Amino acid sequence: MSARKRTPTHETPGAGAEAGARGERVEPARAARDLRRRPVPVIFERGAPGRTGYSLPASDVPDVPLDAIVPPAYRRAQPAALPEVSELDVVRHYTALSHRNFSVDEGFYPLGSCTMKYNPKINEDAARQPGFARLHPYAPEELVQGALQLLWELERDMAEITGMDRVTFQPAAGAHGELTALLMISRYFEEKGERRTTVVVPDSAHGTNPASAALAGYKVVEVPSDRRGNIDLEALRAVLTPDVAVLMFTNPNTLGLFEEQITEVARAVHNVGAQLYLDGANCNAILGITRPGDQGFDALHLNLHKTFTTPHGGGGPGAGAVGVKAHLVPYLPVPTVERDGQRFLLDGDRPKSIGKVRAFYGNFGNLVRAYTYLRTMGAAGLREAAEIAVLNANYLLSRLREHYDLPYDRVCKHEFVLSGRRQRDRYRVTTKDMAKRLLDYGFHAPTIYFPLIVEEAIMIEPTETESLQTLDAFAEAMIAIAREAEADPELVRTAPHETPVGRLDEVTAARKPNLRWRPET
Amino acid sequence: MKYIPATAAERARMLEAIGVPDVEALFRDVPGEVRLRRPLDLPPAMADQDLLAHMRRLAERNVDCDRLACFLGAGAYDHFVPSTVPHLALRPEFLTAYTPYQAELMQGELQAIYEYQSMMCELLAMDIANASMYDGASATGEAASMAADLTRRSDVLVSTAVHPEYRQVLRTYTSHLPITIREIPASGGVTPAEAARTMITDATAALIVQSPNFFGCLEDGAALARAAHDRGALLVVAISEPVSLGLVTPPGEYGADIVTGEGQALGNALNFGGPYLGIIATRQEFVRRIPGRLVGRTVDTEGRPGYVLTLQTREQHIRRARATSNICTNESLNALIAAVYLATLGKQGIREVAELCARKAHYARERIAGLRGYRIAFEAPTFNEFVVRCPIPPAEINRRLLEHGILGGLALGRFYPDLADAWLLCVTERRTREEIDRLVDHLEALQ
């Protein structure tokens with residue numbers, strides 16, 4: 001496995017721009033050699049005063065003095081100091097930036113809990129049709145029947161997959177879904193005249209769980225995991241008082257393990273009248289195998305940008321679907337999508353609703369993509385995806401288990417968690433060092449230092465869309481790095497060496513934040 | 001299954017390496033009582049060619065803005081999107097990347113977001129903008145918490161001229177927090193500064209207004225800022241139409257402390273309401289209380305400039321229950337779209353497109369004002385939207401216009417029962433004089 005070499009483009013911006021701007025002569029051979037590691041100037045530094053790259057029509061309405069349209073007191077004194085660049089400047093700039101990025105389309109992305117599977121191209125073709133992409137959210141109902149039908153069908157499919165009664169697609173992401181569900185549950189208890197103040201989360205929970213609980217006005221109590229990586233059932237029972245509103249639970253959990261005592265957990269939660277919520281970030285492992293609704297969950301969210309292949313866009317947009325059992329249906333955000341014979345409609349008249357968590361109906365473009373994926377896969381395809389995601393994860397685990405510490409030695413689901421403790425203790429090489437070294441081998445790093453309960457955690461999720469060749473190449477890189485940690489620890493400690501920049505100074509970035517470009521910076 | 005490459009032989013090899021007889025053995029930890037014993041009941045899988053035909057049929061059951069002359073805005077705007085936007089922002093290198101957790105491998109995304117933050121600061125005249133929020137409405141909800149946090153006060157005043165859905169979300173977001181929301185009724189289409197002054201108390205954390213507001217009117221930002229600041233409250237300004245800032249006074253210039261907004265207008269498709277782009281920006285001194293991700297510029301071990309996610313101790317994955325927000329995945333791609341849009345239009349283009357919108361909207365406004373039976377509801381200056389009071393119900397007007405290929409404005413009665421005869425029209429640079437004249441002719445004929 002050789003280190004990845006990026007092919008320099010002939011016209012990578014910045015090749016001469018910076019040096020040239022200072023009047024230095026650019027040596028051709030050196031320029032070509034250094035191309036890959038030369039900083040791309042910020043877009044404000046490109047171009048020249050007065051240069052433009054846009055096209056707008058001339059005004060075709062009668063000329064009226066601007067003062068008569070927007071009085072001077074309401075107009076900006078100075079133009080916004082945006083870049084002054086040609087269209088080709090824009091094209092070169094963003095093309096150069098795209099070359100300094102790493103995507104699923106380029107290579108393996110084993111980020112645990114993020115389910116970086118392949119994002120099918122057909123989903124993009126479907127979503128970018130003008131009938132969806134150019135549709136106004138306030139267009140009258142008779143003009144949006146196709147969109148509403150899609151939402152209606154997608155809701156039925158997601159309800160079937162999860163074993164829930166209804167689903168809303170309004171939340172824009174998983175954490176947004178958590179907040180939505182917690183607010184619905186609050187309303188449910190209010191209606192019952194119960195005042196519950198506490199949300200319980202396991203110590204392996206995603207950070208969004210306690211943050212969402214706090215945002216919904218709850219106190220957060222943490223429960224430890226047991227030695228098998230399940231929630232500690234006794235500790236859970238001890239904190240389950242009538243104050244508890246919800247247990248927010250991830251299953252398979254963030255160790256990549258299925259909670260073997262899920263039915264006992266559900267019973268214990270329901271025994272004190274609390275609700276059981278599923279953080280569905282890890283649902284890729286269970287499609288068609290087990291349904292959260294059948295496990296006793298009252299509410300859940302799915303991350304459509306994980307399990308259902310909508311592209312993550314470098315940090316979003318996502319889409320968080322929230323599914324609920326019948327007793328929570330009255331509290332769903334408005335509007336819901338309903339069907340009346342052949343006609344689909346938006347129902348905003350739901351008096352018990354929590355209201356809205358964002359404007360309009362959700363990240364519709366991503367819902368088109370998820371729908372397209374479901375229609376590609378069908379029931380058998382989804383189940384196969386879950387099975388192979390789990391097979392791939394267990395295979396990688398079998399290849400790596402001798403080379404790294406394995407804190408919980410069980411059959412894993414879609415992901416597993418190793419520990420870099422051995423390398424840290426013996427060779428003073430940290431998990432972060434090894435993650436950075438993986439970049440030199442042409443792979444994205446796994447999720448690291450999460451879950452918090454595993455020291456030097458390395459959380460690996462291969463997904464079902466990766467081939468055996470890729471899995472083997474990754475395993476060999478991980479094994480090579482374990483050897484390097486022993487034989488040449490400095491090489492690993494100072495990684496990465498092959499990326500466009502070396503290790504970045506995060507301490508200074510936080511101490512003296514530079515969050516925007518100014519001419520003098 | 002084309003997305004699952006493992007062949008039968010490879011599966012057998014992997015099972016052997018793991019040391020289990022079959023895939024079923026890998027699910028032995030799932031208790032029998034919760035196993036699904038039947039196939040999921042889903043519509044059958046389709047081959048690509050059939051699926052594309054199906055998706056085309058669904059899309060064609062919609063009537064989109066390519067098939068109509070759109071005079072509908074109200075928080076979602078039909079602006080022209082330059083070809084650079086889809087060709088660059090939607091490159092797979094950006095589209096299929098994750099959040100830039102490994103900075104050295106993700107310098108492109110990080111630099112693009114740093115530049116987005118910078119452009120947004122220039123446009124809004126603010127010190128700091130984050131990497132994005134979900135949308136304008138939820139960003140406004142988060143701003144209320146941020147203001148309460150900063151001032152240690154619990155009362156939030158919001159103008160009824162703020163987008164009704166933003167106000168709905170604001171209520172949902174604060175419903176279980178120790179924050180109370182009070183509304184200031186708009187008067188003459190704007191938020192009366194004197195009424196604000198009367199309603200703001202020493203317990204008021206923030207005054208939330210929108211400009212241009214939901215009625216399209218420009219607020220007197222300086223007067224509202226003084227009313228808030230005189231009692232130690234913050235001014236939060238929501239912007240639903242950021243293209244306006246090419247022409248109108250940016251909120252930073254009249255004293256806004258927090259700016260929230262919807263960035264859809266900046267190159268993002270209408271998408272039936274999402275994905276859109278939540279904007280939040282603030283003053284330097286509040287930087288450690290802003291929600292969401294921030295990208296900072298730093299240097300690497302050899303002193304070369306580079307970019308990282310920074311000030312992360314504000315965020316949920318570090319601070320958990322004490323984070324400034326629960327936001328994790330945001331709308332980075334939509335921020336990138338806005339950045340490519342703003343770079344393409346540039347310093348001159350953003351002003352020119354804003355001026356075109358204002359000129360065309362003004363023309364439409366003047367022509368409709370001259371029609372018998374119709375009158376412009378509010379005298380305040382407007383940008384590209386304005387309210388018309390109509391002689392027949394606006395929903396009826398919309399129905400009739402549709403027969404002529406015109407998507408009419410928003411019937412305001414839906415959100416304001418006392419404005420049942422009011423109609424919110426929007427005119428962007430895409431509308432031609434011919435389309436505006438056609439609209440006016442139909443309105444005249446309708447009576």
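Lettering of chains follows the sequences in order, A, B, ..., and the numbering in each one begins at 1. Treat the numbers as computed from the prediction; the structure is a model and nothing was measured.
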Which one of N271(B), T310(B), L177(B) has the most heavy-atom pairs closer than 4.5 Å to chain A?
N271(B)
Looking only at H317(B), H176(B), E104(B), most heavy-atom pairs under 4.5 Å shared with chain A are made by E104(B)
[X] portion near chain A, given a 4.5 angstrom heavy-atom threshold:
{"X": "Y98(B)", "result": "both"}
{"X": "L218(B)", "result": "both"}
{"X": "E302(B)", "result": "side chain"}
{"X": "H87(B)", "result": "neither"}
{"X": "P44(B)", "result": "backbone"}

Determine yes or no for a side-chain-to-main-chain donor-acceptor pair under 3.5 angstrom, with [X] supplying the side chain and [Y] the backbone.
{"X": "N363(A)", "Y": "G274(B)", "result": "no"}
{"X": "T249(B)", "Y": "Y74(A)", "result": "yes"}
{"X": "D294(A)", "Y": "V34(B)", "result": "no"}
{"X": "Q102(B)", "Y": "K436(A)", "result": "no"}
{"X": "E160(A)", "Y": "D41(B)", "result": "yes"}
{"X": "D505(A)", "Y": "D300(B)", "result": "no"}

Does any backbone or side-chain atom of [X] lie under 4.5 Å from a heavy atom of chain B? Answer side chain, backbone, both or neither.
{"X": "L382(A)", "answer": "side chain"}
{"X": "T263(A)", "answer": "side chain"}
{"X": "V220(A)", "answer": "side chain"}
{"X": "P62(A)", "answer": "both"}
{"X": "I354(A)", "answer": "both"}
{"X": "R291(A)", "answer": "both"}
{"X": "T290(A)", "answer": "both"}
{"X": "I289(A)", "answer": "both"}
{"X": "H206(A)", "answer": "backbone"}
{"X": "A380(A)", "answer": "neither"}
{"X": "P513(A)", "answer": "side chain"}
{"X": "Y138(A)", "answer": "both"}
{"X": "E84(A)", "answer": "side chain"}
{"X": "E260(A)", "answer": "both"}

Nearest 0.5 Å, what's the [atom1]-[atom2] distance between [X] and [Y]?
{"X": "L515(A)", "Y": "Y307(B)", "atom1": "CG", "atom2": "OH", "value": "12.0 Å"}
{"X": "R51(A)", "Y": "K347(B)", "atom1": "CZ", "atom2": "NZ", "value": "14.0 Å"}
{"X": "E93(B)", "Y": "R100(A)", "atom1": "CD", "atom2": "CZ", "value": "14.0 Å"}
{"X": "C70(B)", "Y": "R134(A)", "atom1": "SG", "atom2": "CZ", "value": "8.0 Å"}

Heavy atoms from other residues, nucleotides or ligands near CZ of R13(B) exceed 12 (cutoff 6.0 Å):
no
When you compare the side chains of R91(B) and S98(A), does any donor N or O come within less than 3.5 Å of an acceptor on the partner?
yes
Heavy-atom distance under 4.5 Å between the side chains of N514(A) and T298(B), does that happen here?
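No, too far: nothing below the 4.5 Å cut-off.
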Between E253(B) and R75(A), is there a salt bridge with N-O shorter than 4.0 Å?
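No, this pair does not count.
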